[in-house]
Amino acid sequence: MVGCKTILRPGLGLVMGVALLVLLAGVSPTWAQETAEAVEAAEEAEAGISDAMFTVNNLWIMIAGMLVFIMHLGFATLETGLTRSKNTVNILFKNTTIVCIGILTYALIGFSLMYPGDGWGIGGILGWAGLGVSAGEEGQTIAYADGAYTYWSDFFFQAMFAATAATIVSGAVAERIKLMPFLAFITPIVALSYPITGSWQWGGGWLAEMGFYDFAGSTLVHSVGAWAALAAVVVLGPRLGKYAKDGTVNPIPGHSLPMAAIGVFLLWFGWFGFNGGSVLSADAAGVSLVLVTTSLAAAAGGLVAAGTAYVVNKNADLTMALNGILAGLVSITAGADLMSPVDAILIGAIGGAIVVFAVLAFDKVRIDDPVGAISVHGVCGVWGTLAVGIFGAQGLIATGSPAQLGFQLVGILSIMAFTLVVAFACAIAVKALLGFRVDAAEETEGLDLGEHEMSAYPDFQRVYIKSYHAREI
């Protein structure tokens, strides 16, 4: 027995050794790979973000920036559709040049004003990181934002926002403003005013330190554009024939509701980038929540605006339904990352009702806004920002409290006051130096011929002018 055991032990050892070699030969590469991947994952977690996630984040932010860019086409077609055919070229020219001015001025000075980093000259109120756009030291591009995305991705996305704020003004002042004075008015707004107030929150300024919250810009983008528009409209005055001496409001219908509808759907589509990209990463949970709340608020706003307009005006008004969709989108933008689906529906629905009464109220005080931009972006921007302090959140900040509501109100009023002061100063200065409004004859004939010497619809325009002069004779 002893001999048998002596023989079996080495035999067993030999079998086990061979088995181990076979196992290692077959399994060890996989095991080694998994081990290496685990170590790499641990190292990446310690570093903050993986190479794959870094790439995905950048890809999403760049795509989101492209979606925001599409919004400029939406603004252009919406404004064109809601105004008269004789001003089509003028509307399109303004929307084209605004994008160019917005991107270039943001590169030159705006981005550095909005995100001064350590360059605050007046702590939390005014700062500047230097002239132009530059990645700075070697490697800063990759290390930017703790390695979440690149410096260039951030600039590209933010530049699209800057141009959007300026575009809002175009529709409100349509059909009676001189072209070059308009561009002179809007340039300091987008180059200086917008990035300065933006720095108060997104740049880490005094509003951010206080606790004000505006996720994607109900106030910081939309209301800024609306308050600038309000100042320009007040200085300009209403279009000829809009208001009778007895207080009657004379509707001036746009020439292409199909174009207006296309514009709104382009804006809705672009808003997925506007809000979804503001997560500033491709975080699955964060982006998907934002896209859901954005969609629900828009849908609720459109339906409620249509219903409200039907009750008030006794007709199914397409323009009110379209503006209701935009009202819902603007309303949810400040808290799209915080709200539950039910909250989003309520916020959008209230925005849809508000915009109908806001449009009617501005007409009563003779504020002529051909596209309803001040109502949509200004009044509903205020509502959406206040909603952050009213509705419950997903636990990210202390929303739904009196304190937060106070922070929101301070932010709204301070940005409104600053923007109105700058915009009124710019409008009054431009009016004194260059003139602001076209004369009555040019306004009647249309800005396309008066400002551009061309027509968007040349055959139709010739017939219109001929019949107009025949009536005059």
Side-chain angles (χ1 to χ4, degrees), residues 41 44-45 48-71 74 145-150 153-154 156-158 160-161 164 201-202 213-218 220-222 264-303 324-352 380-381 384-385 387-400:
E44 289 169 348
I49 192 169
S50 68
D51 288 343
M53 198 62 203
F54 176 78
T55 300
V56 173
N57 284 344
N58 272 283
L59 181 61
W60 168 237
I61 290 171
M62 289 186 286
I63 290 172
M66 296 175 198
L67 290 172
V68 178
F69 181 80
I70 287 293
M71 293 175 73
D146 296 325
Y149 48 90
T150 70
S153 295
D154 192 31
F156 173 72
F157 182 66
Q158 300 295 342
M160 299 303 107
F161 270 58
T164 300
Q201 167 67 19
W202 291 341
Y213 192 84
D214 189 352
F215 170 64
S218 287
L220 294 171
V221 179
H222 295 282
V264 168
F265 279 102
L266 283 170
L267 286 167
W268 191 346
F269 177 64
W271 229 288
F272 295 136
F274 196 93
N275 284 358
S278 294
V279 176
L280 296 180
S281 76
D283 175 70
V287 173
S288 57
L289 171 65
V290 166
L291 296 185
V292 168
T293 56
T294 299
S295 301
L296 292 173
L303 281 180
I325 290 172
L326 298 180
L329 290 166
V330 171
S331 298
I332 196 59
T333 292
D337 61 329
L338 303 175
M339 303 303 169
S340 71
V342 173
D343 291 340
I345 292 171
L346 290 173
I347 290 170
I350 294 170
C380 291
T385 308
V388 172
I390 296 171
F391 285 78
Q394 304 296 317
L396 301 181
I397 63 171
T399 58

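For the numbers below, each heavy atom of this structure counts, side chains included, while hydrogens, waters and symmetry mates do not. Along the sequence shown, residues are numbered consecutively beginning with 1.
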Where Ser331 and Gly351 come nearest, the two heavy atoms and their spacing: OG-CA, 3.6 Å

Trp202 side chain to Gly217 backbone, donor-acceptor under 3.5 Å: no

Check: Ala336 main-chain N/O paired with Thr293 side-chain donor or acceptor under 3.5 Å: yes

Compile the donor-acceptor pairs under 3.5 Å between side chains in residues 279-287 and protein atoms, sequence neighbours left out, one pair per line.
unit_1: Ser281; atom_1: OG; unit_2: Asp283; atom_2: N; d: 3.1
unit_1: Asp283; atom_1: OD2; unit_2: Gly286; atom_2: N; d: 2.6

Rounded distance (nearest 0.5 Å) linking atom CD1 of Ile390 with atom CD1 of Ile350: 7.5 Å

Spatial distance of atom CD1 (Ile347) from atom SG (Cys380) [nearest 0.5 Å]: 12.0 Å

Side-chain touch Val264/Leu326, heavy atoms, less than 4.5 angstrom: yes

With Phe265 via side-chain contact (heavy atoms from CB on, under 4.5 Å) - residues at least two apart: Trp268

Side chain to side chain donor-acceptor pair (under 3.5 Å) partners of Thr294, counting only residues at least two apart: Asn275

Gap between atom CG of Leu220 and atom CZ of Phe215 - 0.5 Å precision: 12.5 Å

Non-neighbouring partners of Ala297 that pass side-chain contact (heavy atoms from CB on, under 4.5 Å), sequence neighbours left out: Ile332

Heavy-atom pair of closest approach, residues Leu296 and Ala344: CB-CB, 4.4 Å

CE on Met53 to CG on Leu59, rounded to 0.5 Å: 11.0 Å

Over 12 foreign heavy atoms within 6.0 Å of CZ, Phe69: no

4.5 Å side-chain heavy-atom contact, Leu67 and Phe269: yes

Within-4.5 Å side-chain heavy-atom neighbours: Asp337 and Tyr213: yes

Nearest non-hydrogen partners of Phe272 and Ser295, listed with the distance: CE2-OG, 3.3 Å

Counterpart residues, side chain to side chain donor-acceptor pair (under 3.5 Å), relative to Thr385 (two or more places apart): Thr219

Contact check, side chains of Ser340 and Phe391, non-hydrogen atoms, under 4.5 Å: no

Rounded distance (nearest 0.5 Å) linking atom CE of Met66 with atom CD1 of Ile61: 12.0 Å

Sequence neighbours excluded, every pair satisfying ring pair (Phe, Tyr, Trp, His ring centres under 6.0 Å) that has a member inside residues 273-299: Phe161-Phe274, His222-Phe274, Trp271-Phe274

Nearest heavy atoms of Val68 and Gly273, plus distance in Å: CG2-C, 3.8 Å

